[in-house]
Number of protein chains: 2
Amino acid sequence: MNAEELLSQAKESCKKRGARFTLAREQVFKLLTRHSGAVGAYDLLDELKLIDPAAKPATIYRALDFLNKQGFVHKIESLNSFVMCHHFSECNHPVQLLICDTCGHVEEIQSSNLDLALRSMADATGFTISHQIVEAHGACQTCS
Amino acid sequence: MNAEELLSQAKESCKKRGARFTLAREQVFKLLTRHSGAVGAYDLLDELKLIDPAAKPATIYRALDFLNKQGFVHKIESLNSFVMCHHFSECNHPVQLLICDTCGHVEEIQSSNLDLALRSMADATGFTISHQIVEAHGACQTCS
DNA sequence: CGAGTAATGTTATAAAGTAAACGCTGAAAA
DNA sequence: TTTTCAGCGTTTACTTTATAACATTACTCG
Ligand SMILES: [Zn+2]
Ligand SMILES: [Zn+2]
Ligand SMILES: [Zn+2]
Ligand SMILES: [Zn+2]
């Protein structure tokens with residue numbers, strides 16, 4: 001899935017939902033598609049400042065908040081950073097990430113077994129899951 | 001597992017490994033055992049200041065770092081906070097947490113299915129896991 | 001004891017994230 | 001067409017979380 005495809009898919013998705021894909025949001029979206037790994041909000045801000053020198057932390061955080069709510073972007077809690085989702089057409093999918101600590105690449109996986117195992121364990125203790133965080137750190141194939 | 005049992009177990013464990021369970025570390029350990037849920041480093045610092053007014057951020061972070069490395073305490077990445085582990089005798093176990101967003105209680109679960117599902121998915125893509133983060137947010141039984 | 005290492009104290013600062021007040025704008029209602 | 005108003009963006013200031021750097025003290029072991 002390349003950058004343009006993702007962008008048009010995002011626009012389409014917003015149109016359907018009546019959400020506004022404004023310039024600021026599109027700019028941040030595009031910046032994110034240029035990274036294959038995690039990007040910090042302030043790194044992103046530095047990049048955004050090159051095309052919009054007036055950008056401030058709130059600019060980035062608001063855009064990221066929107067993109068995250070639309071499911072276009074995932075937050076990586078263990079790195080305080082963000083990564084583009086390449087499967088956002090599959091709404092509300094559980095997020096499962098393999099994060100290479102060597103090269104920084106982030107791979108999003110989809111294991112229903114994993115999701116099931118977590119849900120069944122939660123069920124067993126009467127816990128209702130609203131949001132799950134699964135992040136594995138280590139070394140990717142090329143870095144091993 | 002009550003507070004005293006945990007404490008003596010921790011002391012024992014340090015003795016075996018030749019790690020120093022110093023006063024500062026013990027104080028922070030004790031403060032943590034008094035919480036059933038997540039505690040922020042600065043909240044903990046406020047509590048510590050009551051018995052050691054000279055305590056500074058570094059004091060807490062160093063103690064937490066030690067306790068975390070010994071496996072006595074887990075960091076909750078999605079809350080930037082910390083929780084006592086009640087199973088630290090089982091060394092290096094994968095950490096899987098159910099976090100109630102209503103009452104703040106944190107339940108540590110042990111699902112080998114979950115661990116297996118993650119590992120097998122990682123294997124399939126040639127990824128070697130060194131550390132995993134599994135945190136589910138939602139509502140516990142009493143809060144549902 | 002004395003050298004070497006581990007831990008702590010202290011100060012300062014970096015990094016990440018949020019709040020609140022206010023102005024702009026563009027599309028729906030009148 | 002004009003009004004109006006909710007959503008978006010800007011700006012300023014601030015809070016929370018975490019670490020760096022370096023001096024000092026405490027413990028361990030030969
Ligand atoms: Zn995704
Ligand atoms: Zn890699
Ligand atoms: Zn544990
Ligand atoms: Zn609860």
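Each chain gets a letter, A, B and so on, in the order its sequence line appears, and its residues count up from 1.
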- Any side-chain N or O of A/N80 under 4.0 Å from OP1/OP2 of C/dA15? no
- Task: Tell me yes or no: between the side chains of B/H35 and B/E47, is some donor less than 3.5 Å from an acceptor?
- Result: yes
- Item | Touch class at under 4.0 angstrom, heavy-atom based, for A/A24 against every strand present | sugar-phosphate
- Query: Are B/K56 and D/dT17 close enough that a side-chain N or O sits under 4.0 Å from OP1 or OP2?
  - Reply: no
- Roughly how bent is the helix from C/dC1-D/dG30 to C/dA30-D/dT1 end to end, in steps of 10 degrees, with each end axis from five pairs? 30°
- Classify the side-chain pair B/E108/B/H93 by whether it contains a donor and acceptor separated by less than 3.5 Å. yes
- Task: State, without any angle test, whether B/R17 and B/Q70 hold a side-chain donor-acceptor pair at a distance under 3.5 Å.
- Result: yes
- Message: Please classify the nucleic acid contact of B/R62 as base, sugar-phosphate, or nothing, using heavy-atom distances under 4.0 Å.
- Response: base
- Is B/Y42 side chain donor-acceptor paired with the D/dA18 base, going by distance under 3.5 Å alone? yes
- Item | Aromatic ring proximity B/H74/B/H87, centre distance under 6.0 Å | no
- Side-chain N or O of A/R25 less than 4.0 angstrom from OP1 or OP2 on D/dG9? yes
- Message: Rounding to an integer number of Å, can you tell me how far B/D65 CG sits from D/dT19 P?
- Response: 8 Å
- Query: Between A/E12 and A/K16, is the closest basic N to carboxylate O distance under 4.0 Å?
  - Reply: no
- When the distance from OH of A/Y61 to P of D/dA13 is rounded to whole Å, what number comes out? 19 Å
- Answer with yes or no whether the side chains of A/Q132 and A/Q96 bring together a donor and an acceptor at under 3.5 Å. no
- d(CD1, B/I60; C1', D/dT16) in whole Å: 15 Å
